[in-house]
Amino acid sequence: MAELENLIISEKDVVETLENYLAAEEARLLKVRRYTNEFKELYRKVAADGVEKFIAHPVNTYRLIKRLTTDWKEIEDSLNAPLGREYLQIVFNQRSVLTFPTDEDLTGVAVALSRLQDTYRIDSLSIAKGKIKGVAVSPSLTPAECFELGRVLYNFKDYDHSIDWMTTALQRFDDVPATELSNDTTSRVDVLEYLAFGNYMKGDVRTALRFTNQLLAYEPTHERAQNNIGYYEKEIAVRSEGRKKGDDGKTVVAKKGTIQVKPNNWETEKRLYEVLCRGEKQADASVDPRLKCYYAVPSPSFVVQPVKAELLNIDPDMLMYHQVVSDNEMTVIKMLAAPRLARATVQNSITGELETAHYRISKSAWLHKDDHEVIDRVNKRITAITGLDTDYAEELQIANYGIGGHYEPHFDFARKAEAKAFQSLGMGNRIATWLLYMSDVEAGGATVFPRLNKAFWPEKGSAVFWHNLHKNGEGDLRTRHAACPVLSGVKWVSNKWIHEYGQEFRRPCGLTPDGYEPEDSSNADIE
């Protein structure tokens, strides 16, 4: 009887263990259900808006990549339980075929969002609340999504933006209804810990201590925070002692923020570049009556149907040719380029080799005139409009700028110190640039010329044209330009860089010693 009584007790323990197992399984399945429901909601929005419109928004892009990186790792852990391993293998097989974003992609989209914040002066709380100026509809972010942005930026060592997003995560805990936070796995404790870490990495130990004390108010038994309290207090004491010694003349400790650093040329240019990207303080076209729109007949092929031309700037002359490439032609160009798109490169000024660079974020592809009749036709049209020989030009470059995609201020031509640039082409320097916009952009994405105080916004089917060199072959420094970050939408452009050789009789040297004579404006134009 005693043994039977023990069996009853043992069975009770087994049942309790099974109950605990079932509860754990139900929690696991609930997490998977929440994940699938989020994706069903995502696909519903995609079906309603269309794929291109959906991914054109920076917040949608971030949330999609976060779901397939950070959130997916949690689901992998859930499926890795014994009952889930069979299904996990199925998903692993799918991942070998499908393209999943990586942690590097998640970092990229976080950095892109911070770039948009800086350029367009958008505070993180506005983004989190779904209020972005110039963007019609914007989704909001949960505290967990704000936290993940801050965590990624912390690991990227961008502590300023990390602290900004962690602060916003705390605010979102107060703003978002509790019912919407029931599935949120991030806690205030997680956020406060990173706020402490971020401030410590910036050298602000007192603020780190303050956030750690706040953390312990929520979770008094947090072991790491308890250890950090003593460390921070000791650090503050050492620094205070150092300042006292400095007063005695024994040990001088520099005070933070006392050294004034004069901005260099790049910092000054960057500020102007960002101002122009925001559409502020541009040169007023109305004050120069010479700037005009007109019908141009640059060659006999345009007698029946002249080109819609707009003079955007004088000295150096910059023109926009409106509606010079059809929608069908642009569709063909994008279709040919899409499978070839790869991270855009720049030419190393010393070696002449092509390499990726942090200041140019886009994808590009090159199309030859023999790839399709449309490419050949567009090349010939560029020759007819500009009067320059495109046989002495680089292949048509197609560039695709996604969220945050940009190209910081640069010259298209090679300067004297860049002797090896374009050497392999054997066509001399880039004499002119033809920039065709192949999409409209909802917000951002302007082409700006800081030294001219000008900004031009994408207009699908229209091209901007300018000469990079003076008539004596010297580079025109005023043509330094940049592609502003895309705030919302997708930007497609094509570039045709035309070189010096072959243009001797099409754009001859000037008669003055420096060759800086004005362009001949006697072309047959119809006002």
| task | Search all heavy atoms of Trp457 against all heavy atoms of Gly444 and return the closest pair with its distance. | result | CD1-O, 4.1 Å
| message | If you define the side chain from C-beta out and look only at heavy atoms, does anything of Trp434 sit under 4.5 Å from Tyr321? | response | yes
| query | Do any N or O atoms from the side chain of Lys334 and from the backbone of Met438 form a donor-acceptor pair under 3.5 angstrom? | reply | yes
| said: If only side-chain N and O atoms count, and only distance matters, is there a donor-acceptor pair under 3.5 Å linking Asp123 with Ser126? | reply: yes
| Spatial distance of atom NZ (Lys129) from atom CG (Leu141) [nearest 0.5 Å] | 12.5 Å
| query | Taking the side chain as C-beta and beyond, is there a heavy-atom pair between Phe413 and Thr479 under 4.5 Å? | reply | yes
| note | Scanning both residues in full, the closest heavy-atom pair of Ser439 with Pro458 reads O-CB, 3.8 Å
| remark: Heavy-atom nearest pair, Ala112 first then Gly404, reads CB-CA, 4.1 Å
| message | Could you check whether any side-chain N or O of Thr119 sits under 3.5 Å from a backbone N or O of Arg115, counting only pairs where one atom can act as donor and the other as acceptor? | response | yes
| field | side-chain hydrogen bond (donor to acceptor under 3.5 Å, both in side chains) partner of Lys496, the single match among Thr383, Thr390, Thr386, Asn379 | value | Asn379
| field | Verdict with supporting geometry, Glu394 and His499, side chain to side chain donor-acceptor pair (under 3.5 Å) | value | CA-CA 8 Å; Glu394 296 167 52; His499 286 252; 2.7 Å; yes
| Looking at residues at least two apart in the chain, or sitting in another chain, which of them share a side chain to side chain contact (heavy atoms under 4.5 Å, CB included) with Lys53? | Asp49
| message | Can you classify the ring geometry of Trp466 versus His481 as parallel (below 30°), tilted (30 to 60°) or perpendicular (above 60°)? | response | perpendicular
| task | Please name the pair of heavy atoms, one in Pro409 and one in Arg480, separated by the smallest distance, quoted to 0.1 Å. | result | O-NH2, 3.2 Å
| said: Strictly distance-based, threshold 3.5 Å: is any side-chain N or O of Tyr62 a donor or acceptor partner for the main-chain N or O of Glu145? | reply: yes
| query | Atom CG of Asn313 and atom CZ of Arg290: how far apart are they, to the nearest 0.5 Å? | reply | 9.0 Å
| field | Test item: Arg430 side-chain N/O and Asp412 main-chain N/O as donor-acceptor pair under 3.5 Å | value | yes
| said: Is the shortest side-chain heavy-atom distance between Leu487 and Ile122 below 4.5 Å? | reply: yes
| query | Got a donor-acceptor contact below 3.5 angstrom from the Arg478 side chain to the Asp315 backbone? | reply | yes
| message | Given 3.5 Å as the limit, does a donor-acceptor pair link the side chain of Arg63 with the main chain of Ser140, or not? | response | yes
| Pick from Lys416, Arg415, Lys420: which one makes a side chain to side chain contact (heavy atoms under 4.5 Å, CB included) with Glu418? | Arg415
| message | Quick check against the 3.5 Å criterion: does Asn429 have a side-chain atom that pairs as donor or acceptor with the backbone of Ile431? | response | no
| Say you draw a straight line from CZ of Arg377 to CD1 of Ile382; how long is it, rounded to the nearest 0.5 Å? | 13.0 Å
| Crowding at CZ, Phe302 (>12 non-hydrogen neighbours, <6.0 Å) | yes
| Exceeds 12 heavy-atom contacts within 6.0 angstrom, atom CD of Glu504 | yes
| message | Are His161 and Tyr159, when compared by the centres of their aromatic rings, separated by less than 6.0 Å? | response | no
| query | Just wondering, more than 12 heavy atoms not from Lys369 lying within 6.0 Å of its NZ? | reply | no
| message | Can you confirm whether or not the ring centre of Tyr437 sits under 6.0 Å from the ring centre of Phe456? | response | no
| message | Less than 4.0 angstrom from a charged side-chain N to a carboxylate O is my criterion; do Asp71 and Arg34 meet it? | response | no
| query | Is atom CZ of Phe411 surrounded by more than 12 heavy atoms (other residues, nucleotides or ligands) closer than 6.0 Å? | reply | yes
| When rounded to the nearest 0.5 angstrom, what distance separates CD1 in Ile333 from CG in Leu396? | 6.0 Å
| Minimal non-hydrogen separation, Cys293 against Glu310, with atom names | SG-CG, 3.6 Å
| field | Separation between CE of Met330 and NZ of Lys460, rounded to the nearest 0.5 Å | value | 5.0 Å
| said: I'd like to know if the side chain of Arg172 and the backbone of Thr142 have a donor-acceptor N/O pair within less than 3.5 Å. | reply: no
| Can you tell me how far the CG atom of Asn495 sits from the CG atom of Leu435, to the nearest 0.5 Å? | 5.0 Å
| field | Intermediate values then yes/no, side chain to side chain donor-acceptor pair (under 3.5 Å), Trp497 and Glu395 | value | CA-CA 8 Å; Trp497 288 300; Glu395 294 179 356; over 6 Å; no
| task | Classify the side-chain pair Asn400/Lys491 by whether it contains a donor and acceptor separated by less than 3.5 Å. | result | no
| message | Looking at Arg506 and Gly387, would you say the former's side chain and the latter's main chain have a donor-acceptor pair under 3.5 Å? | response | yes
| With no hydrogens and no angle check, do the side chains of Thr69 and Asp105 hold a donor and an acceptor under 3.5 Å apart? | no
| Side chain proximity check, Asp370 to Asp376, heavy atoms < 4.5 angstrom | no
| said: What I want to check is whether the side chains of His368 and Asp371 have a donor and an acceptor closer together than 3.5 Å. | reply: no
| request: Indicate whether any N or O donor in one side chain lies under 3.5 Å from an N or O acceptor in the other, for Asp164 and Ser124. | output: yes
| request: Examine distances only and state if a side-chain atom of Gln503 and a backbone atom of Asp389 form a donor-acceptor pair shorter than 3.5 Å. | output: yes
| task | Return yes if a side-chain donor-acceptor contact under 3.5 Å exists between Ser326 and Glu329, otherwise no. | result | yes
| query | Are more than 12 heavy atoms from other residues, nucleotides or ligands located less than 6.0 Å from atom CD of Gln305? | reply | no
| Quick one: are Leu319 and Leu312 in side-chain contact, heavy atoms under 4.5 Å? | no
| SB check Lys270 Glu267 (cutoff 4.0 Å) | no
| Within-4.5 Å side-chain heavy-atom neighbours: Val493 and Leu436 | no
| request: Taking the six-membered ring for Trp and the single ring otherwise, decide whether the centroids of Tyr154 and Tyr194 are under 6.0 Å apart. | output: yes
| query | Does the gap between the ring centers of His57 and Phe54 come in under 6.0 Å? | reply | no
| field | Shortest non-hydrogen contact between Gly402 and Val486, atoms and distance | value | O-CB, 3.3 Å
| field | Side chain proximity check, Ile163 to Lys202, heavy atoms < 4.5 angstrom | value | yes
